[in-house]
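Shown next, in structure tokens, is the structure this report addresses.
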Protein chains: 2
Amino acid sequence: MTEKQQNILNSALRLFATEGVDSTSTSKIAKHAGVSEGLIFRHFTNKEGLLQAILENGREKSDAYFHSVMQVKDPKERLLMTLHLPFVIPSDEYDFWRLFYTLKWQRGPMEHEGMNLFRNSMKEAFEELGYTNPSAEAQLVEALIDGVATEVLLKEIYPKPLLDCILEKYKLK
Amino acid sequence: MTEKQQNILNSALRLFATEGVDSTSTSKIAKHAGVSEGLIFRHFTNKEGLLQAILENGREKSDAYFHSVMQVKDPKERLLMTLHLPFVIPSDEYDFWRLFYTLKWQRGPMEHEGMNLFRNSMKEAFEELGYTNPSAEAQLVEALIDGVATEVLLKEIYPKPLLDCILEKYKLK
DNA sequence: CATTATAGTGAGTAATCACTTACAAATTTA
DNA sequence: TAAATTTGTAAGTGATTACTCACTATAATG
């Protein structure tokens, strides 16, 4: 991975996240990255290939994070860590997650292996905690995380009071 | 509002919602609507004007709905109606709400008067119900609605068990 | 050192973009 | 019914799009 190749990935992520994939032209990316436009196609074949390379990068990071949550055996502790997720997004990953949520609406949710494993580990946690409908509870947590992550990524929020409200509803406080 | 004008609005909403604003060309809209491309510009000035006309249409509908919720005086009942919102989206409004959530990520949330009133009415409901942090609770409800609406609009869900989980957390069941 | 593969450029390409213009048909108004 | 206004079309416009191609500079390899 050369420096210019990395520049292309960085610039494309920034522009895709802030202005949208379709309204970001390859020439704009090239200018932003300080490379010739042709280089984008040399390294990534086409615009779609560039997008996929970016998504692959981000997936590796997020999978590592999901994995660390799933390793926690105690269900209560695991639920707690899960509910913390939207509040501990590193700010240098904001661009990726903005892109992630945008694409959700334009290309459908990108389902991958790690996500299904995570979903299942949540369901199991609720089972162990004796909830009456673990599968629906897991779905609710997912919706909750998505909603809160949206607030975090798009608005100024005060994490502490919001987190307190959430934890109280799951009797974790 | 002529028939062709209405056709343009319908086609544009459908295409904007399914393929995104930026990747929907005016010529594609014209073909889909069965009109000449020039007519779009005659009636809506430019592509942005067409988008705004669509958003204005949708805002009127949603404002009416928010208004009906806010009229409910009993705080418990009002909270209950609010939490029902994502489950009662009429299916012929799905396109609008998909567009709405897409634009949230590309142009920032579209804040309008009705939305702020609604937000405040939620806060007041939590105040009356004696919650310790009404403002954070209102923010949480908003995030929850957004997250659940996303599930409803993008995936197949079973509303009843999910709604049950939510109501139980607010002791409304 | 010579050869080969890779990294990188800049000037193209046809197609498509949002939008305009000149003009005709239909409708409204006086 | 005559004039004026609105609705509608078809064929353009220059700019921009994703992408290609012929080429050079750099680095790796034997």
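Quick note on labels: first sequence line is chain A, next is B, and so on, each numbered from 1. Note: hydrogens, waters and symmetry copies are ignored here, and every other heavy atom, side chains too, is used.
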Can you tell me the distance, in whole Å, between the [atom1] atom of [X] and the [atom2] atom of [N]?
X     : N      : atom1 : atom2 : answer
A:E37 : C:dG8  : CD    : P     : 16 Å
A:Q6  : C:dA7  : CD    : P     : 14 Å
B:I8  : D:dT9  : CD1   : C1'   : 12 Å
B:E19 : C:dT16 : CD    : P     : 15 Å
B:I40 : D:dT7  : CD1   : P     : 16 Å
A:M1  : C:dG8  : CE    : P     : 12 Å
A:D22 : D:dT16 : CG    : P     : 18 Å
B:K28 : C:dC19 : NZ    : P     : 16 Å

Please pick, from [options], the nucleotide with the shortest atom-to-atom distance to any side-chain atom of [X].
X     : options               : answer
A:K47 : D:dC19, C:dA18, D:dT7 : D:dC19
A:V35 : C:dG8, C:dT9, C:dC17  : C:dT9
A:K4  : D:dT7, C:dT9, D:dC19  : C:dT9
B:T2  : D:dG8, C:dC19, C:dG8  : D:dG8
A:F41 : D:dA18, D:dT9, C:dC19 : D:dA18
A:S36 : C:dG8, D:dT7, C:dA18  : C:dG8
A:H43 : D:dT20, D:dG8, C:dA7  : C:dA7

Hey, can you tell me if B:Y101 and A:W105 have their rings parallel, tilted or perpendicular (30° and 60° cut-offs)?
parallel
- request: Give the ring-plane orientation class for B:Y170 versus B:Y131, where under 30° counts as parallel, over 60° as perpendicular and anything between as tilted.
  value: tilted
Quick one, B:F96 and B:K61 - any side-chain contact, counting heavy atoms below 4.5 Å? no
Computed from five pairs at either end and rounded to 10 degrees, the angle between the axes of the helix from C:dC1-D:dG30 to C:dA30-D:dT1 is 20°
Whichever of A:R42 and A:S23 has the more 5' nearest nucleotide on DNA chain D, that residue is A:S23
From the list B:Q5, B:M1, B:K4, side chain to side chain contact (heavy atoms under 4.5 Å, CB included) partner of B:H43 resolves to B:Q5
Notebook entry, point to check: Can you tell me if B:H32 and B:N10 form a side-chain donor-acceptor pair at under 3.5 Å?
Noted result: no
Query raised in the report: Side chains of A:Q106 and B:E19: do they bring a donor and an acceptor to under 3.5 Å?
Result: no
| task | Would you please confirm or rule out a distance under 4.0 Å between OP1 or OP2 of C:dC17 and any side-chain N or O of B:T26? | result | no
Quick check on D:dT17: is either OP1 or OP2 less than 4.0 Å from any side-chain nitrogen or oxygen of A:S25? yes
Closest non-hydrogen atoms of B:P109 and A:K155, given as atom of the first, atom of the second and distance, are CG-CE, 4.2 Å
- Message: Using a 4.0 Å heavy-atom cut-off, does B:T24 contact any base of the nucleic acid, only the sugar-phosphate backbone, or nothing at all?
- Response: sugar-phosphate
Quiz item: Does the separation of the ring centres of B:W97 and B:F100 fall below 6.0 angstrom?
Solution: yes
